[in-house]
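For ligands, and for the atoms within them, numbers begin at 1 and follow the listed sequence.
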Amino acid sequence: MPEKVFVFDTTLRDGEQSPGCSMNLEEKLEMARQLDRLGVDILEAGFPVASEGDSEAVKAIAAEIRRPIVAALARANQLDIDRAWAAVKEAARPRIHTFLATSDIHLEHKLHKTRDEVLKQIGWAVGYARSFCDNVEFSPEDAGRTDRSYLIECCHAAVEAGAVVLNLPDTVGYCMEPEYQQMFADVQARVPGMDRVMLSTHTHDDLGMAVANTLAGIRGGARQVECTINGIGERAGNAALEEVVMALYVRRDVFPAFTDIRTEELFASSQLLTRLTGMAVQRNKAIVGRNAFAHEAGIHQDGVLKKAITYEIITPQTIGMPSNQIVLGKHSGRHALSKRYEELGYQLTKPELERAYELFSRLADHKKNVYDEDLIAIVNEGFEHIPEMFTLKLFQTVSSSEGRSTATVELEKDGEVFHDSATAEGPCDAAFRAIDRIVGVPGTIVDFSVHTVGPGTDGVAEVTIRARFEGREFTGKSTSHNVVEAAARAYLQAANKAAYELKRAAESATARSGSVHSNEMVDRFFPGGY
Ligand SMILES: [Zn+2]
């Protein structure tokens with residue numbers, strides 16, 4: 001009988017803590033809802049001791065997402081475990097996930113502790129976590145480089161203290177498959193009481209082995225896999241959830257295991273994460289990359305047209321990827337649009353549909369064929385959960401071959417219209433500076449990427465921007481036929497997010513200290529205080 005493999009998603013913890021992937025509370029909630037639709041068994045919502053924001057996000061997710069187990073991460077100390085429990089205790093099924101490094105390298109250089117001290121601390125921490133919560137997971141960090149006999153002792157201590165899941169991480173992405181598989185077999189065979197404990201994989205992709213090692217762990221006896229959407233995570237990332245799930249699905253002939261993931265939600269999950277973080281996956285990314293189902297070579301196209309199985313081991317429908325067919329034009333109505341969005345995995349509310357329809361009509365005026373990718377871009381542009389403070393009313397640039405460009409922008413806020421212009425080396429920079437002059441606080445561009453959306457020369461440009469305002473980074477994303485306009489809209493979106501977040505931060509600082517936070521940008525956006 002095939003056995004179930006439990007999918008532990010750590011997109012919102014290991015994934016979110018990697019550079020370029022941070023999300024605010026609303027964004028984390030939106031991602032958590034999608035992970036719930038996807039059918040993950042365990043959702044690691046964050047690391048509550050890390051920040052007030054992390055703690056709030058875990059609380060909000062625990063309160064709303066009721067089907068999966070919701071886990072919170074804690075180092076093996078009292079403060080961390082207290083904070084983790086405080087954040088996750090309202091969950092329908094809470095879990096505390098505590099960890100402590102066990103490799104000699106970490107003991108010597110990071111913890112400055114002896115093996116005996118660490119062993120005692122493991123027993124204490126797991127026991128302390130169990131005093132709050134029946135569902136406790138323990139991870140010996142850097143298990144992959146831990147002396148095997150000592151690892152067995154550490155696992156034994158955790159099991160005796162009441163851990164129900166033992167997660168054996170290859171924290172640094174160092175292991176090869178046979179080693180990783182053997183570690184699971186050894187722990188399973190040599191740790192007493194393993195009949196009551198589930199083994200779990202946690203792998204990193206430093207050598208490109210994350211997914212392969214996860215599958216090796218399953219062969220070694222693991223029945224929980226820790227992974228992230230699009231493989232985001234520390235450094236080279238974690239095992240990509242979509243790849244692990246599809247490997248088990250496509251090769252169910254060789255794995256006596258299955259997951260309860262709804263594969264047709266994989267593409268929507270990948271797209272949503274990209275939209276929320278601004279971090280796109282490479283085109284040739286397995287399963288969810290744009291080219292994953294594109295057949296360019298004539299001989300392949302011919303084969304696929306005759307019978308898809310000649311070159312496709314997965315159909316696009318299995319993962320919910322829209323086929324790249326022409327769907328809509330300027331005569332299509334709201335109903336057709338809403339139906340197509342449903343097929344693409346987007347449940348739009350009425351106001352969202354109205355807004356999408358407006359953008360769609362504008363696009364359909366410019367280009368004769370509107371492809372699924374255009375529709376996805378339209379949704380991506382419009383539906384940030386950040387209230388738009390300034391909206392772009394008018395935009396104009398003049399460039400000359402001599403190199404200087406001038407941009408004029410008109411922004412509206414609460415019915416009041418502001419306009420200004422600026423000159424810079426290029427049209428995008430001129431637009432950003434003109435926006436800065438109205439908004440009042442300059443942002444610095446950290447990352448700027450453009451790609452075309454949809455096939456053909458009438459595709460729209462999608463611009464993603466990361467900019468730093470007052471030391472914090474924010475992303476904005478927009479699409480337009482005009483690259484400079486898309487850039488200006490993306491930049492403005494980042495500035496609006498910055499204002500929103502700075503206001504929230506100032507409010508909670510005020511609530512804590514009772515003093516009024518003074519901050520140039522906040523004052524500019526919210527004159528008169530709040
Ligand atoms: Zn990790």
Kindly give the atom name of the N, O or S atom of [X] closest to the Zn ion (ligand 1).
X      : result
His204 : NE2
His202 : NE2
Asp14  : OD2

Quick test of your reading of the model: are [X] and [Y] salt-bridged, counting only N-O distances below 4.0 Å?
X      : Y      : answer
Lys285 : Glu242 : yes
Arg13  : Glu226 : no
Lys28  : Asp54  : yes

Testing the 3.5 Å rule here: is there a donor-acceptor pair between the side chains of Thr263 and Thr318?
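Side chains of Thr263 and Thr318: no pair found under 3.5 Å.
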Under 2.8 Å from the Zn ion (ligand 1), can any N, O or S atom of Glu226 be found?
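It does not: Glu226 brings no N, O or S atom closer than 2.8 Å to the Zn ion (ligand 1).
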